[in-house]
Asks: 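Sharing a structure, written as structure tokens. Questions coming.
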Amino acid sequence: MEYTVRKLGNLAGISTRTLRYYDEIGILKPARINSSGYRIYGEAEVNRLQQILFYRELGLSLDRIKDIVASPSFDGANALKEHRENLLEKRKQLDLLIANVEKSIASVEGRIKMSDREKFEGFKQKMIDDNEKKYGKQIREKYGNETIDKSNAKLKNMTQTEYDEVTSLAEELNKTLAEAFKTGDPASELAQKAAELHKKWLTFYWIEYSKEAHAGLAQMYVDDERFTAYYDKDEPGTAEFLRDAILIYTGIEK
């Protein structure tokens, strides 16, 4: 079956403007243009659109999705299996949050007593699961399963006061790093303050701190594109700047 832009938009629940934009950036081209100048989409394009929307649901950028679906090695069947695993993981996280809400309702209604730690179990478990999904393979290869498992356990046992403190610390770190980046000098007082804040932030998650591990993590921020993308989202080059600041702070050479 073939679809015009309007019919495909209605079928997928997206706007015709979105489909035209996908055509413009080359992520989803129509199968052909008919004699009246209308874009016409066939089964292959419908399947690709489904893949694009799956990846969008998982939070990937359009540039990243384009790289994936346009790759000669792209396998639609395997991609669907990966989507299924990701969605099952999302469902698991939602189930945890739903269970947490249900317990909270019962606590408010006086049917059960809920500790302050229990109130945040779902959120902390989601954080752990998200980190495992994004970076688990790399950090486990670098630091070992035992170290990461202990770090996850430390996070799960974090008190609300500690959780609030580390959240506030992360905000201060990001603000300081942004200001330090403007100086262009990773050895500046502001940049070294950012490195110190980064160390303090790490100690909430790490069982023990070492300069070597700190420097190694900073290098991973540059070597792994996902870490780089996080730090460079506002200013390209921030991940490298933070790496250099931490290397100076720890006294570890490149």
Asks: Can a donor-acceptor pair be found, under 3.5 Å and without considering hydrogens, that links the side chain of Lys233 to the backbone of Tyr230?
Replies: yes
Asks: Are Leu169 and Leu173 connected in the hydrophobic side-chain network, where two residues link if heavy atoms are under 4.5 Å apart?
Replies: yes
Asks: Do any N or O atoms from the side chain of Ser71 and from the backbone of Ile68 form a donor-acceptor pair under 3.5 angstrom?
Replies: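 Such a contact is absent between Ser71 side chain and Ile68 backbone.
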Asks: Apply side chain to side chain contact (heavy atoms under 4.5 Å, CB included) to the pair Gln219 and Arg243, showing each step before the final yes or no.
Replies: CA-CA 6 Å; Gln219 185 60 49; Arg243 186 273 311 275; 3.0 Å; yes
Asks: Distance check, rounded to the nearest 0.5 Å: Ile27 atom CD1 versus Gln51 atom CD?
Replies: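 Interatomic distance, Ile27 CD1 to Gln51 CD, rounded to 0.5 Å: 11.0 Å.
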Asks: Counting N and O atoms only, with roles assigned by atom type, does the side chain of Lys66 sit under 3.5 Å from a partner on the main chain of Ile25, one being a donor and the other an acceptor?
Replies: yes
Asks: Side chains of Phe181 and Leu242: closer than 4.5 Å at any heavy-atom pair?
Replies: no
Asks: Find out whether Arg39 and Thr4 are in side-chain contact, i.e. whether some heavy atom of one side chain is under 4.5 Å from a heavy atom of the other.
Replies: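 No, every pair of side-chain atoms sits at 4.5 Å or beyond.
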Asks: Could you state whether Ile40 and Met1 fall into the same hydrophobic cluster, counting links through intermediate Ile, Leu, Val, Met, Phe, Trp or Tyr residues with side-chain heavy atoms under 4.5 angstrom apart?
Replies: no
Asks: Closest heavy-atom contact between Ala195 and Ala245?
Replies: CB-O, 4.0 Å
Asks: Indicate the atoms forming the closest heavy-atom contact of Gln50 with Leu80, along with that distance.
Replies: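 Heavy atoms only, the tightest pair is OE1-CD2, 4.1 Å.
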Asks: Please round to the nearest 0.5 Å and tell me the distance separating atom CH2 of Trp206 and atom CG of Leu217.
Replies: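 Reported value, rounded in 0.5 Å steps: 5.0 Å.
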Asks: Can you classify the ring geometry of Tyr221 versus Tyr231 as parallel (below 30°), tilted (30 to 60°) or perpendicular (above 60°)?
Replies: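 Plane angle between 30° and 60°, so tilted.
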Asks: Exactly one of His198, Lys200, Gln192 should register a side chain to side chain contact (heavy atoms under 4.5 Å, CB included) with Glu196. Which one does?
Replies: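 By the side chain to side chain contact (heavy atoms under 4.5 Å, CB included) criterion, Glu196 pairs with just one of His198, Lys200, Gln192: Lys200.
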Asks: Could you measure the distance from the CG atom of Asp232 to the CZ atom of Phe227? Nearest 0.5 Å is fine.
Replies: 13.0 Å
Asks: Between Ser188 and Asp185, which heavy-atom pair has the shortest distance, and what is it?
Replies: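 Shortest heavy-atom separation between Ser188 and Asp185 comes out as OG-O, 2.9 Å.
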Asks: Taking side chain as C-beta onward, heavy atoms only, is Leu19 less than 4.5 Å from Leu49?
Replies: yes
Asks: Side chain to side chain contact (heavy atoms under 4.5 Å, CB included), that's the test. Do Tyr205 and Val166 meet it? Break it down for me.
Replies: CA-CA 9 Å; Tyr205 301 100; Val166 74; 3.6 Å; yes
Asks: Any idea which heavy atoms bring Arg6 and Thr16 closest together, and the distance?
Replies: CA-CG2, 3.7 Å
Asks: Within the side chain of Glu162, is there an N or O that forms a donor-acceptor pair under 3.5 Å with the backbone of Phe204?
Replies: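 Not confirmed, Glu162 side chain does not pair with Phe204 backbone.
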Asks: Group every Ile, Leu, Val, Met, Phe, Trp and Tyr by side-chain heavy-atom contacts under 4.5 Å, then state whether Leu8 and Ile14 land in the same group.
Replies: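 Looking at the clustering, Ile14 is in the same group as Leu8.
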Asks: Do other residues, nucleotides or ligands put more than 12 heavy atoms under 6.0 Å from the CD atom of Glu43?
Replies: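 No, the 6.0 Å shell around CD holds no more than 12 heavy atoms from other groups.
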Asks: Walk me through whether Lys81 and Asn78 qualify under side chain to side chain contact (heavy atoms under 4.5 Å, CB included).
Replies: CA-CA 5 Å; Lys81 291 176 183 177; Asn78 284 336; 4.2 Å; yes
Asks: For Asp23, run the salt bridge (charged side-chain N to carboxylate O under 4.0 Å, His left out) check against Lys29, Arg17, Arg48 and tell me which one passes.
Replies: Lys29
Asks: To the nearest 0.5 Å, what is the distance between NZ on Lys175 and CD on Glu171?
Replies: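 Result: 10.0 Å between the selected atoms.
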Asks: By the ring-ring contact (aromatic ring centres under 6.0 Å, His included) test, which pairs, at least two apart or in different chains, include something from residues 67-91?
Replies: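 Sorted pair list: Phe54-His83, Tyr55-His83.
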Asks: Is Tyr209 atom OH crowded by more than 12 heavy atoms from other residues, nucleotides or ligands, each under 6.0 Å away?
Replies: yes
Asks: What distance separates Ile52 CD1 from Leu60 CG, expressed to the nearest 0.5 Å?
Replies: 12.0 Å
Asks: Supply the atom-to-atom distance Thr250 OG1 to His214 NE2, rounded to the nearest 0.5 angstrom.
Replies: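 That separation rounds to 7.0 Å.
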Asks: Is there a chain of hydrophobic side chains (I, L, V, M, F, W, Y, each step under 4.5 Å between heavy atoms) that links Trp201 to Phe241?
Replies: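 Yes, Trp201 connects to Phe241 through the hydrophobic network.
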Asks: Taking Thr228 for the side chain and Val222 for the main chain, is one N or O donor matched with an acceptor at less than 3.5 Å?
Replies: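 Yes; at least one donor-acceptor contact below 3.5 Å.
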Asks: Do Glu45 side-chain atoms and Gly42 backbone N/O form a donor-acceptor pair below 3.5 Å?
Replies: yes
Asks: I'd like to know whether Lys182 forms a salt bridge (Lys or Arg N to Asp or Glu O under 4.0 Å) with Glu235, so could you lay out the CA-CA distance, the side-chain angles of the two residues, the decisive distance to 0.1 Å, and finally the verdict.
Replies: CA-CA 10 Å; Lys182 294 175 184 177; Glu235 289 288 349; over 6 Å; no
Asks: Is Val5 reachable from Leu62 through a run of I, L, V, M, F, W or Y residues, each pair having side-chain heavy atoms under 4.5 Å apart?
Replies: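 Leu62 and Val5: one cluster.
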